[in-house]
Amino acid sequence: MKIKSILLTLCLCAFAFAGPHSDSCVKNLVDQLKQAEYDKAFDAILDNSPFIMGTSNVANIKMQYTAAFRNIEAQYGKPIGFQILGSKTLGTMERTGYLIQCEKSAWMLEVYEYNNPESKKQYIVGFKIIGDDEAFNRYGV
């Protein structure tokens with residue numbers, strides 16, 4: 001019985017600081033996309049992540065996502081909200097899928113977050129727009 005309670009406690013500790021940071025970043029992304037501020041939407045999802053900002057090609061990636069966000073809005077309409085599809089934790093890394101709800105349809109986004117065990121800070125280390133098949137395979141029942 002003690003082993004079960006210890007395992008449950010460890011499991012709860014693993015999720016104690018995971019998630020809210022990426023949820024906040026996605027909320028900020030959606031808010032910026034509602035205002036058609038595509039370059040600010042890219043900045044909002046990254047939230048000054050030291051991992052991403054340390055790469056040499058951030059400007060190119062930002063330009064690509066700015067164009068992608070414009071194309072998505074043209075196809076799906078303005079975003080009206082989001083919901084979490086699911087999360088998967090592997091050590092200190094967490095992958096969370098989000099459904100971005102728009103006026104005409106919806107699209108999916110995956111966010112990869114590092115939960116630093118020493119500083120207890122969370123950092124977005126990557127994100128990508130995913131297709132329907134990939135989303136259903138990872139988050140569907």
Side-chain angles (χ1 to χ4, degrees), residues 2-141:
K2 286 183 181 182
I3 293 174
K4 285 183 183 179
S5 62
I6 290 171
L7 290 175
L8 179 61
T9 303
L10 289 174
C11 187
L12 290 174
C13 288
F15 292 104
F17 63 95
H21 180 257
S22 57
D23 293 351
S24 171
C25 290
V26 171
K27 181 190 178 311
N28 291 339
L29 166 89
V30 170
D31 289 345
Q32 294 301 324
L33 290 176
K34 285 179 184 179
Q35 299 172 22
E37 296 285 347
Y38 308 111
D39 57 334
K40 290 182 182 176
F42 179 84
D43 294 336
I45 191 70
L46 291 183
D47 190 38
N48 293 317
S49 169
F51 179 77
I52 301 294
M53 295 307 191
T55 63
S56 60
N57 61 350
V58 172
N60 290 337
I61 296 169
K62 185 174 186 175
M63 189 172 58
Q64 291 172 358
Y65 271 100
T66 299
F69 291 148
R70 274 194 182 96
N71 291 337
I72 287 171
E73 184 178 319
Q75 185 174 358
Y76 296 99
K78 287 204 178 285
I80 54 176
F82 73 93
Q83 72 183 63
I84 299 169
L85 297 173
S87 291
K88 178 78 174 177
T89 301
L90 185 62
T92 57
M93 292 294 291
E94 182 174 302
R95 179 186 72 202
T96 306
Y98 295 92
L99 178 74
I100 311 297
Q101 301 154 327
C102 299
E103 297 166 327
K104 300 175 190 172
S105 189
W107 54 280
M108 279 68 68
L109 177 75
E110 256 184 358
V111 175
Y112 300 88
E113 181 177 31
Y114 171 64
N115 299 299
N116 188 317
E118 290 181 9
S119 69
K120 302 296 185 218
K121 290 188 176 186
Q122 297 93 15
Y123 300 106
I124 304 295
V125 294
F127 72 97
K128 67 178 184 174
I129 297 167
I130 60 173
D132 297 347
D133 290 337
E134 196 173 359
F136 279 103
N137 286 339
R138 291 190 182 168
Y139 306 106
V141 268

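Numbers for residues simply follow the sequence, beginning at 1.
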Exercise for review: Please answer whether the main-chain N or O of K78 pairs with a side-chain N or O of E103 as donor and acceptor at a distance below 3.5 Å.
Suggested key: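 Side chain of E103 to backbone of K78: a pair is present.
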
Review point. Taking the side chain from N116 and the backbone from S119, do they hold a donor-acceptor pair closer than 3.5 Å?
Key: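 Looks like yes, one N/O pair under 3.5 Å.
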
Closest heavy-atom pair and its distance - [X], [Y]:
| X | Y | value |
| --- | --- | --- |
| T66 | D39 | OG1-CA, 3.8 Å |
| P79 | V30 | CB-CG1, 3.9 Å |
| G86 | Y139 | O-CE2, 3.4 Å |
| K104 | A74 | NZ-O, 3.5 Å |
| Y98 | V111 | CE1-CG2, 3.9 Å |
| F82 | D23 | CZ-O, 3.8 Å |

Pairwise distance [atom1]([X]) to [atom2]([Y]) - rounded to 0.5 angstrom:
| X | Y | atom1 | atom2 | result |
| --- | --- | --- | --- | --- |
| K40 | K62 | NZ | NZ | 10.0 Å |
| K128 | Y65 | NZ | OH | 8.5 Å |
| Q101 | Q83 | CD | CD | 5.0 Å |
| M63 | N57 | CE | CG | 10.5 Å |
| L99 | L109 | CG | CG | 10.5 Å |
| I130 | L85 | CD1 | CG | 7.0 Å |

Practice item. Taking side chain to side chain contact (heavy atoms under 4.5 Å, CB included) as the test, write out the residues that go with A44, two or more places apart. Key: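 Counting only residues at least two positions away or on another chain, A44 forms a side chain to side chain contact (heavy atoms under 4.5 Å, CB included) with N28, Q32.
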
Taking the side chain as every heavy atom from C-beta outward, state whether [X] and [Y] have any pair of such atoms under 4.5 Å apart.
| X | Y | value |
| --- | --- | --- |
| R138 | E110 | yes |
| I100 | V26 | yes |
| E73 | L33 | no |

Exercise for review: Please state whether the rings of F69 and W107 are parallel, tilted or perpendicular, taking 30° and 60° as the class boundaries.
Suggested key: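 Rings of F69 and W107: tilted, as their planes differ by 30° to 60°.
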
Review point. Excluding sequence neighbours, so at least two apart, what forms side-chain hydrogen bond (donor to acceptor under 3.5 Å, both in side chains) with D132?
Key: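 D132 satisfies side-chain hydrogen bond (donor to acceptor under 3.5 Å, both in side chains) with no other residue.
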
Exercise for review: Kindly write out the residues that satisfy side-chain hydrogen bond (donor to acceptor under 3.5 Å, both in side chains) with K34, not counting sequence neighbours, or none if the list is empty.
Suggested key: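 Applying side-chain hydrogen bond (donor to acceptor under 3.5 Å, both in side chains) to K34 gives none.
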
Point to revise | Ion pair check, K27 and D31, cut-off under 4.0 Å | key: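 D31 and K27: salt-bridged.
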
